[in-house]
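To start, the structure itself, in structure tokens.
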Amino acid sequence: MTKICLTIAGVDPSGGAGIIADIKTFSAFGCYAAAAIASLTFQNTQGVFGVENQTAETVRRQIEPILADFEVDALKTGMLPTREIIEEVARIVKENNLKNFVVDPVVRSTSGFDLIDDEALKVLIERLFLLSDIITPNIPEAGRIARMKIETFADIETAARKMQALGAKNVLIKGGHLPILDLEKKAKDQKPKTEDRKAKDFLFIGDELHVFEADFIETTATHGTGCTLAAAIAANLALGKSLTEAVEIAKKFVTEAIRSAPHIGKGNSPINQLIARV
Ligand code: PXL
């Protein structure tokens, strides 16, 4: 049976991030994609120039007919810009007992535009973390959620434990923003050669830690990597993979999508979700 994945996120009309990245990713894994729009953004590869947010009501009115018709096998949330939308999404997840729920706590675009305010982020933490199967912050997001500076592996662990204390059972901290190779050694002053660098992601499942490593690709083609990773995890959970398997597959997928990025646009190029089958 075809697996159905639903994303509730923002639209990036230039196609690099948000719902369009999610749809391509779900499709690349052979899942059927459904999508509800939480915000219409105005952007290209160079920046985000504005947003037009949906209301709690229009988000619910998009989702209800989908849930009335389909068995949704996995849910991914991305940019949820307002407190009202987040509260409505939490109610919908609870009312429908939705499973395989991946929360990508989107805070800021690659180009530095704030996609959610502090009040909404607080509500996202309070309402969605408890319902999630996994949250997928990058380092800046983890720092903002845990209210700390993250520079070392010890900081990553502290931030993850804080996020678990805030209700998230399983936390994947994406290390791609970290400028150093070996966090444990804090080898900050010996910047490693690019070919020796690894992009490390850290998955905390209860007390367990799993570290995932991939080649670090020195590139500006990173637009949509976060959305793509979270959507790939959701697709693989829908397909029945375990959380660790889903993260491992998703990470390889993103690495290949970066490697085969089309290098279009004047800013951060989108990545390529459709050639990169792994
Ligand atoms: O990468 C975060 C992100 C998520 N969702 C939407 C976005 C962005 C970044 O630009 O536009 C819609």
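The analysis underlying the following values was restricted to heavy atoms, covering all of them including side chains, and did not include hydrogens, waters or symmetry mates. Both counts, for ligands and for their atoms, begin at 1 and track the order of listing.
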Can you list the ligand 1 atoms lying under 4.0 Å from a non-hydrogen atom of S109?
-> 9 (C), 10 (O)

Check the hydrophobic clustering (I, L, V, M, F, W, Y; side-chain heavy atoms under 4.5 Å; chains of links allowed) and say if V93 and I66 are grouped together.
-> yes

Which atom pair, heavy atoms only, marks the closest approach of K266 to T45?
-> N-OG1, 3.3 Å

In this structure, atom 2 (C) of ligand 1 is nearest to the protein heavy atom V106 CG1, 3.7 Å

Any Lys/Arg nitrogen of D114 or R144 sitting under 4.0 Å from an Asp/Glu carboxylate oxygen of the other?
-> yes

Can you pull out the closest protein heavy atom to atom 4 (C) of ligand 1? Residue, atom name and distance to 0.1 Å, please.
-> C227 SG, 3.6 Å

Name the orientation class of the two ring planes belonging to F70 and Y32 (parallel below 30°, tilted from 30 to 60°, perpendicular beyond 60°).
-> perpendicular

Side chain D133, main chain N100, donor-acceptor under 3.5 Å = yes

Pair D104 + K174: basic N to acidic O under 4.0 Å = yes

Where's the contact between I19 and ligand 1, heavy-atom distance under 4.0 Å: side chain, backbone, both or neither?
-> neither

Numbering as shown, the atoms of ligand 1 that approach G10 to under 4.0 Å (heavy-atom distance) | 12 (C)

Ligand 1 atoms nearer than 4.0 angstrom to some heavy atom of L115 are 3 (C), 8 (C), 9 (C)

Which atoms of ligand 1 have any heavy atom of Q43 under 4.0 Å away?
-> 7 (C), 10 (O), 11 (O)

